[in-house]
4 protein chains.
Amino acid sequence: MKMSSGKASSEKQRAARLPQRKRGRERVASLLAAAASCFLDKGYDAATMTEIAERAGASIGSLYLFFPTKQALARSLLSNLADELSGRLEAMKAATAGRSAAAIADALFDALNGFIAANPVYSLLIDVTGDERWRQVVRAQRRRQIADLFARAEPPLGARQAQRLAVIVPHFMRISLLQGEAGSPSREAILEELRLMLRRHLESGG
Amino acid sequence: MKMSSGKASSEKQRAARLPQRKRGRERVASLLAAAASCFLDKGYDAATMTEIAERAGASIGSLYLFFPTKQALARSLLSNLADELSGRLEAMKAATAGRSAAAIADALFDALNGFIAANPVYSLLIDVTGDERWRQVVRAQRRRQIADLFARAEPPLGARQAQRLAVIVPHFMRISLLQGEAGSPSREAILEELRLMLRRHLESGG
Amino acid sequence: MKMSSGKASSEKQRAARLPQRKRGRERVASLLAAAASCFLDKGYDAATMTEIAERAGASIGSLYLFFPTKQALARSLLSNLADELSGRLEAMKAATAGRSAAAIADALFDALNGFIAANPVYSLLIDVTGDERWRQVVRAQRRRQIADLFARAEPPLGARQAQRLAVIVPHFMRISLLQGEAGSPSREAILEELRLMLRRHLESGG
Amino acid sequence: MKMSSGKASSEKQRAARLPQRKRGRERVASLLAAAASCFLDKGYDAATMTEIAERAGASIGSLYLFFPTKQALARSLLSNLADELSGRLEAMKAATAGRSAAAIADALFDALNGFIAANPVYSLLIDVTGDERWRQVVRAQRRRQIADLFARAEPPLGARQAQRLAVIVPHFMRISLLQGEAGSPSREAILEELRLMLRRHLESGG
DNA sequence: CATGAATGAGTTTTCATTCAT
DNA sequence: GATGAATGAAAACTCATTCAT
């Protein structure tokens, strides 16, 4: 059964087992890495559990030992990445509190852009395919964090607008998903234009 | 192999037989409508040819009579929609030539927004899943048309910037794909903010 | 598309996974046996993967676990048989070197006849249906081996004629494919006549 | 349902309708020609009724108007060819009566070889695929005619041997089915060797 | 923990044949 | 007679998941 952006419900809830020994932790890491590269290369649906296991140099049985379903695997992957990003955003809080919205936006641009460049599968899993329900949860958390960042700007932004920016800025990053199309402006040029556009907007008072 | 955003190539070439009788033309229309609704509900991968045929009240054989593969079906659907949008953009040419870039952007917002609201499956097929190669072709054409629109602005925009706007404005519309998430600002509010941001940007000289 | 003696080419390359456990090796053997009997009973095209699996007491998934396509299954089968025959021919080399062409032909008759009687599906797969390209490869190897046998005759045969005999003698065996037709002379009677004809021919100097 | 050399039984017996008008006769001829070329190119199973109709420039409905099933189409084709060959063999009767068996064999070689060169699909349908039952009937008739030819040789051949030759000589012609394999002696060279072999055999008293 | 064999429901696709116009 | 739309059973093949060793 293929359920890409499917809205299925009654799920298996047994969470991914946490490995106790070092060997196990390494295995889990290599499985997650294999999943990331496979999802990225083929897309969520076309990636098969068998190939993921193969890429990790593990057996299919081993894969299922740690991740009870394909969805759970994708969730784990996204969770890990989301946690890492969350940490970075958290770290920005202190650094950006009291600065201008434009400055915050700028810093956010850099943070998100760097993160996605290093973890492109994050964009895929949070924005495009996989378990819709889970993606919403993760997006909501990210939205909250980013809105928080903007909420601490000086001069202050309305809560509403902080919310909107928390949707808009990540959405700007999704532009990265359009891979090198011939004849199209480069991703960097586009991002710079968006960055400028946003700065001006915020400097004009939002 | 299920290839959502797969990068496969070698295709089956038996062309979609075009219907010659009225009955056939009606069938094709209802099949396309069923495909649109099914893709939208389930996503490209999870939508099955069987269900599409069922929704159209046709047999699976009938579906394959006119569309030799699932990909061909998606292509037909996207082609039709892209043609319609193309027509609308063409029509805008006369109406917007000589106007300000901001005004053109505004009109484009309305046109794209209206089109996508009426044909949400367009966003899915052109931006998210299906046949990557084909999507690029269709996007390239749209980019060309929109760049053309901006190129005729008065005062004039640089060709480069027109190109960038031709990527940016449609990308803004993709925001629509995030369906009603609880706690998130409404799609309309976001779009209005983006519209304002863009207008200011263009009025400040791009 | 069903391609019996079809001339198609581009193939799926996921190799037949070789079994690593005893259980798997037994499965593969029973699957090959089922395939042989099924091909023989129904012909290559009419034999279905489902029925082959059933005859082997396996599930369709098991069949595809070891043989990724119907063609690969037929190839494996033919390869195995060709290897066995190849071994027998190799063994004849020592035994026949230096003997007369007629004696070699006689021995070859016996060897081929015995082999085909024990493995009738060999004739089907090498001469009649299945993957044309592969069949040619296998036939070419057999031709080389048989020509080799004749090339060592005493008094010597020309290389050209050895080549021709290497086509002719196996072709004589194909007669076996005409199964018991009422009113027709028996296969054995025909083969004996052909054997005599060939011996005389060779004794007359080829 | 694919039934290549299948042994199916309960058949539809409505014979191919004989067209009354000239237009109809032309259509039938072009359908048969299309079938011949299609069977030859793709093999019996892989040839589709739709493609045959297309090649004849007719609609699928038209094809079924004259030939109620695919089998009936193949039968018609084979029947026609068999009838033509039968005529030629009949004509040989007078010309060869009283001549030596070797001379008759020689003449037969030429006749069969010429016929098959002109109608290669005959070999396919009588020897390889299609309706097994029907093929046996046609082969039996051919066997009878050829045995008849040899039975009138002078000095006389035994009835048994005439029967055997009636199997052997057509079988020699089947060699033509191995199409141009690289490294293999030419079909002509092989046929000449077989012809010589047979002549010697018959001259030595069979 | 590890492994890889086993499963079978589900998917895309094909094609001989029928039938309404 | 012609046509082409319609049908649906059946085929090849996939893959998430389970389980015995």
Side-chain angles (χ1 to χ4, degrees), chain A residues 1-3 12 17 19-21 23-24 27 45-51 53 58-66 68-71 73, chain B residues 1-2 12 14 17 19-28 45-51 53 58-71, chain C residues 1-2 12 14 17 19-28 45-51 53 58-71, chain D residues 1-3 12 17 19-21 23-24 27 45-51 53 58-66 68-71 73:
Chain A
M1 197 203 336
K2 313 166 209 165
M3 45 173 154
K12 201 175 300 196
R17 188 185 306 282
Q20 304 304 340
R21 313 186 194 254
R23 184 69 196 281
R27 178 127 283 188
D45 279 299
T48 72
M49 293 297 269
T50 301
E51 184 176 356
S59 69
I60 179 70
S62 219
L63 177 50
Y64 272 90
L65 206 54
F66 296 109
T69 65
K70 189 178 179 182
Q71 232 183 57
L73 173 59
Chain B
M1 201 205 329
K2 312 163 209 162
K12 202 171 301 191
R14 177 155 54 92
R17 205 178 293 284
Q20 317 198 347
R21 303 233 238 259
K22 180 158 49 116
R23 184 86 188 271
R25 254 168 282 127
E26 288 163 7
R27 256 284 129 99
V28 163
D45 279 299
T48 73
M49 293 299 268
T50 304
E51 185 177 353
S59 69
I60 183 68
S62 269
L63 176 51
Y64 276 93
L65 182 62
F66 295 111
F67 304 99
T69 63
K70 190 177 175 183
Q71 224 181 69
Chain C
M1 201 205 328
K2 313 163 209 162
K12 202 171 301 192
R14 177 156 55 89
R17 205 177 294 282
Q20 318 200 343
R21 301 236 240 259
K22 180 156 51 116
R23 184 87 189 271
R25 255 168 281 128
E26 290 164 6
R27 254 284 127 97
V28 164
D45 280 298
T48 73
M49 293 298 268
T50 304
E51 185 177 353
S59 70
I60 182 69
S62 268
L63 177 50
Y64 276 95
L65 181 61
F66 295 110
F67 304 99
T69 64
K70 190 178 177 182
Q71 226 181 66
Chain D
M1 198 203 336
K2 313 165 211 167
M3 48 175 151
K12 200 176 301 195
R17 186 185 308 280
Q20 304 304 341
R21 314 187 192 254
R23 184 70 195 278
R27 178 125 284 190
D45 279 299
T48 73
M49 294 297 270
T50 302
E51 185 177 355
S59 68
I60 180 70
S62 220
L63 176 51
Y64 272 90
L65 207 55
F66 296 110
T69 65
K70 190 178 179 182
Q71 231 182 58
L73 174 58

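Proteins come first, then strands; the chains are lettered A, B, ... in the order of their sequence lines, and each starts at number 1. When reading the values below, keep in mind they use all heavy atoms of this one structure, side chains included, and skip hydrogens, waters and symmetry mates.
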Report task. Look at all strands and tell whether C:S59 reaches a base, only sugar-phosphate, or nothing, counting heavy atoms closer than 4.0 Å. Result -> base

Report summary line: Closest of E:dG8, E:dT17, E:dT12 to the C:I60 side chain is E:dG8

Query raised in the report: Are OP1 or OP2 of F:dT7 and a side-chain N or O of B:R27 less than 4.0 angstrom apart?
Result: yes

**Report entry** B:L65 CG to D:T50 OG1 distance, which is reported to the nearest 0.5 Å
**Finding:** 9.5 Å

Query raised in the report: Starting at CG of C:L63 and ending at P of F:dA11, how long is that distance when rounded to a whole Å?
Result: 14 Å

Report summary line: Atom CD of B:E26 and atom C1' of F:dA6 are separated, to the nearest Å, by 14 Å

Report summary line: Nearest heavy-atom approach of B:G24 to B:P19 is C-CB, 3.4 Å

Query raised in the report: When rounded to the nearest 0.5 angstrom, what distance separates CG in A:D45 from NZ in A:K70?
Result: 5.5 Å

Query raised in the report: Between E:dA6 atom P and C:R25 atom CZ, what is the distance in whole Å?
Result: 12 Å

Query raised in the report: Heavy atoms under 4.0 Å, any strand shown: does A:S62 hit a base, just sugar-phosphate, or nothing?
Result: base

Query - Whole angstrom value for the distance that separates P of E:dC15 from CG of D:D45 - result: 10 Å

Report task. Check whether any side-chain nitrogen or oxygen of B:R23 sits under 4.0 Å from OP1 or OP2 of F:dA6, and answer yes or no. Result -> yes

**Report entry** Spacing between B:L65 atom CG and F:dT3 atom P, to the nearest angstrom
**Finding:** 17 Å

**Report entry** Spacing between C:F67 atom CZ and E:dA5 atom C1', to the nearest angstrom
**Finding:** 14 Å

Report summary line: On DNA chain F, more 5' by nearest nucleotide between D:A58 and A:T50 is D:A58

Report summary line: Taken to the nearest whole Å, CE/A:M49 to P/E:dA6 is 21 Å

Report task. Begin with the C-alpha distance, continue with both residues' side-chain angles, and end with the deciding distance and a verdict on side-chain contact (heavy atoms from CB on, under 4.5 Å) for D:L73 and D:F66. Result -> CA-CA 9 Å; D:L73 174 58; D:F66 296 110; over 6 Å; no

Query raised in the report: About how many Å separate CD1 of B:I60 and CE of B:M49, when rounded to the nearest 0.5 Å?
Result: 6.0 Å

Requested in this report: Walk me through it: do B:F67 and B:V28 pass the test side-chain contact (heavy atoms from CB on, under 4.5 Å)?
Outcome: CA-CA 9 Å; B:F67 304 99; B:V28 163; 3.9 Å; yes

Report task. Check whether the side chain of B:R21 and the base of F:dT3 form a donor-acceptor pair under 3.5 Å. Result -> yes

Query raised in the report: Which nucleotide in the set E:dT12, E:dA16, F:dA6 lies at the smallest distance from any side-chain heavy atom of B:F66?
Result: F:dA6

Query raised in the report: Checking B:R27 side chain against B:S62 main chain: does a donor-acceptor pair fall under 3.5 Å?
Result: no

Query raised in the report: Taking a pair as Watson-Crick (N1 to N3 plus N6-O4 or O6-N4) or G-U wobble (N1-O2 and O6-N3), both under 3.5 Å, which stems of 3 or more consecutive pairs involve DNA chain F?
Result: E:2-21 with F:2-21

Requested in this report: Round to a whole Å and report the spacing from NZ of B:K70 to C1' of F:dT14.
Outcome: 13 Å

Query raised in the report: Within the pair D:Y64 and E:dT17, is there a side-chain N or O less than 4.0 Å away from OP1 or OP2?
Result: yes

Requested in this report: Starting from the 5' end of DNA chain E, give me the residue, B:G61 or C:P19, whose nearest nucleotide shows up first.
Outcome: C:P19

